[in-house]
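Okay, structure first, notes after.
Basis for what follows: all heavy atoms, side chains included, without hydrogens, waters or symmetry-related copies. These numbers were taken from a predicted model, which means no experiment stands behind them.
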Amino acid sequence: LNWAVGFLNSSFNFQLILIVGLVSIACIGVFLLPSEIQNMLKARHAVFNPVAFITASFVHGGLQHLGLNLSAFLLSAFLLYFVNKKAGEQRFFFFSLLIMFVALPVVNYGILFYFGIYRSVEFGFGLSLVDGGLIGFTVPSLILYLKHKLEKFNSILFFTSMVLFTFSLVSLPYAGSFQLPLPVTCAILGFVFGVL
């Protein structure tokens with residue numbers, strides 16, 4: 001009981017619980033909406049609509065889809081939060097989470113729209129994109145946790161490496177035989193910037 005009270009007393013811990021709770025409530029609430037409204041919130045691959053690109057993360061096609069996506073989100077968010085907390089980088093974690101919910105979907109669906117990828121699929125939706133971003137965020141979180149052991153640390157090179165690695169992991173599921181060089185190139189560049 002003392003541990004729970006201590007956990008809730010930290011403002012950052014409360015912010016995490018609030019964010020995770022709001023995301024969970026939003027996903028469940030949208031899941032309960034009529035399918036016509038859900039379709040309006042989904043990203044249409046043939047239509048450039050940044051608002052729908054963001055709202056699509058909260059739409060799920062079935063109970064199993066919702067459960068798996070929320071489970072991955074909750075597990076990743078809590079684990080990565082505590083790794084970043086140990087590194088004293090809670091603000092960096094929250095800023096990165098905001099980017100994953102806002103910028104990542106706009107960039108991802110914008111690229112799919114621009115290049116005409118998946119024209120045969122009408123809608124894009126689900127929390128999987130954010131989950132993929134969180135999984136990609138594991139590497140920079142661990143590096144931040146271990147950065148005191150590194151002699152030289154350049155935050156600009158690190159951020160560039162993080163963005164490239166994350167983009168590589170997020171774009172990999174969409175890479176067909178013609179688009180495979182994009183995630184591979186991003187991974188290689190992410191490694192090079194990381195080494196630098």
Item to check | Closest heavy-atom pair and its distance - Leu127, Cys27 | outcome: CD2-SG, 4.2 Å

Item to check | Connected via hydrophobic side-chain network under 4.5 Å: Val139 and Val130 | outcome: yes

Checklist entry - So which heavy atom on Phe31 is nearest to which on Leu63, and how close? => result CZ-N, 3.6 Å

Next on the checklist: If you define the side chain from C-beta out and look only at heavy atoms, does anything of Phe93 sit under 4.5 Å from Val83?
Outcome noted: no

Item to check | Short side-chain to backbone donor-acceptor contact, Thr166 and Val163, under 3.5 Å | outcome: no

Next on the checklist: Surrounding CG of Leu18 (heavy atoms of other residues, nucleotides or ligands, distance under 6.0 Å), is the total greater than 12?
Outcome noted: yes

Checklist entry - Any side-chain heavy-atom pair from Leu134 and Leu97 closer than 4.5 angstrom? => result yes

Checklist outcome for this item: The reported gap from CG in Asn108 to CG in Leu129 (rounded to nearest 0.5 angstrom) is 4.5 Å

Checklist entry - Which of these, Ile25, Ile37, Val59, sits in a side-chain contact (heavy atoms from CB on, under 4.5 Å) with Val30? => result Val59

Next on the checklist: According to side chain to side chain donor-acceptor pair (under 3.5 Å), who are the partners of Ser128, at least two apart in sequence or on a separate chain?
Outcome noted: Asn69

Next on the checklist: If I take atom OG from residue Ser96 and atom CE from residue Met162, how far apart are they, to the nearest 0.5 angstrom?
Outcome noted: 5.0 Å

Item to check | Minimal non-hydrogen separation, His60 against Leu66, with atom names | outcome: ND1-CD1, 3.6 Å

Item to check | Linked hydrophobic residues, Leu79 as query - side chain contacts closer than 4.5 Å | outcome: Leu75

Checklist entry - Can Lys86 be said to sit on top of Tyr145's aromatic six-ring, NZ or CZ under 6.0 Å from centre and within 45° of the ring axis? => result no

Checklist entry - Are the side chains of Ile28 and Leu70 in touch, meaning some heavy atoms are under 4.5 Å apart? => result yes

Item to check | Donor-acceptor contact below 3.5 Å, side chain Ser161 vs main chain Gly190 | outcome: yes

Item to check | Inter-residue atom distance Leu16.CG - Gln90.CD, 0.5 Å rounding | outcome: 10.5 Å

Checklist entry - Between Ala72 and Asp131, what is the shortest heavy-atom contact and its length? => result CB-OD2, 3.5 Å

Checklist entry - Could you give the distance from OG (Ser35) to CE (Met40), rounded to the nearest 0.5 Å? => result 11.5 Å

Next on the checklist: Can you confirm whether Val20 sits close enough to Leu74 that some side-chain heavy atom of one is under 4.5 Å from a side-chain heavy atom of the other?
Outcome noted: yes

Checklist outcome for this item: Applying ring pair (Phe, Tyr, Trp, His ring centres under 6.0 Å) to Phe101 and not counting sequence neighbours gives Phe58, Phe73

Checklist entry - By the rule that ILVMFWY residues connect when side-chain heavy atoms come within less than 4.5 angstrom, directly or transitively, which residues belong alongside Ile99? => result Phe95

Checklist entry - Taking the inter-plane angle between the rings of Phe125 and His65 on a 0 to 90° scale, is it parallel (under 30°), tilted (30 to 60°) or perpendicular (over 60°)? => result perpendicular

Next on the checklist: Nearest 0.5 angstrom please: Leu80 CG to Glu89 CD, how far?
Outcome noted: 13.5 Å

Item to check | Side-chain donor/acceptor of Gln38 to backbone N/O of Leu33, under 3.5 Å | outcome: yes

Item to check | Nearest heavy-atom neighbours spanning Gly124 and Tyr109 | outcome: C-OH, 3.5 Å

Item to check | Ser141: side chain to side chain donor-acceptor pair (under 3.5 Å) partners, not counting sequence neighbours | outcome: Asn84

Checklist entry - Under a 4.5 Å cut-off applied to non-hydrogen side-chain atoms, are Lys85 and Asn13 in contact? => result yes

Identify each donor-acceptor pair in which a side-chain atom of residues 46-56 lies under 3.5 Å from a protein atom, sequence neighbours left out, and give them as a table.
unit_1, atom_1, unit_2, atom_2, d
Asn49, OD1, Val51, N, 3.2
Asn49, OD1, Ala52, N, 3.3
Thr55, OG1, Leu41, O, 2.7
Thr55, OG1, Val51, O, 3.4
Thr55, OG1, Ala52, O, 3.3

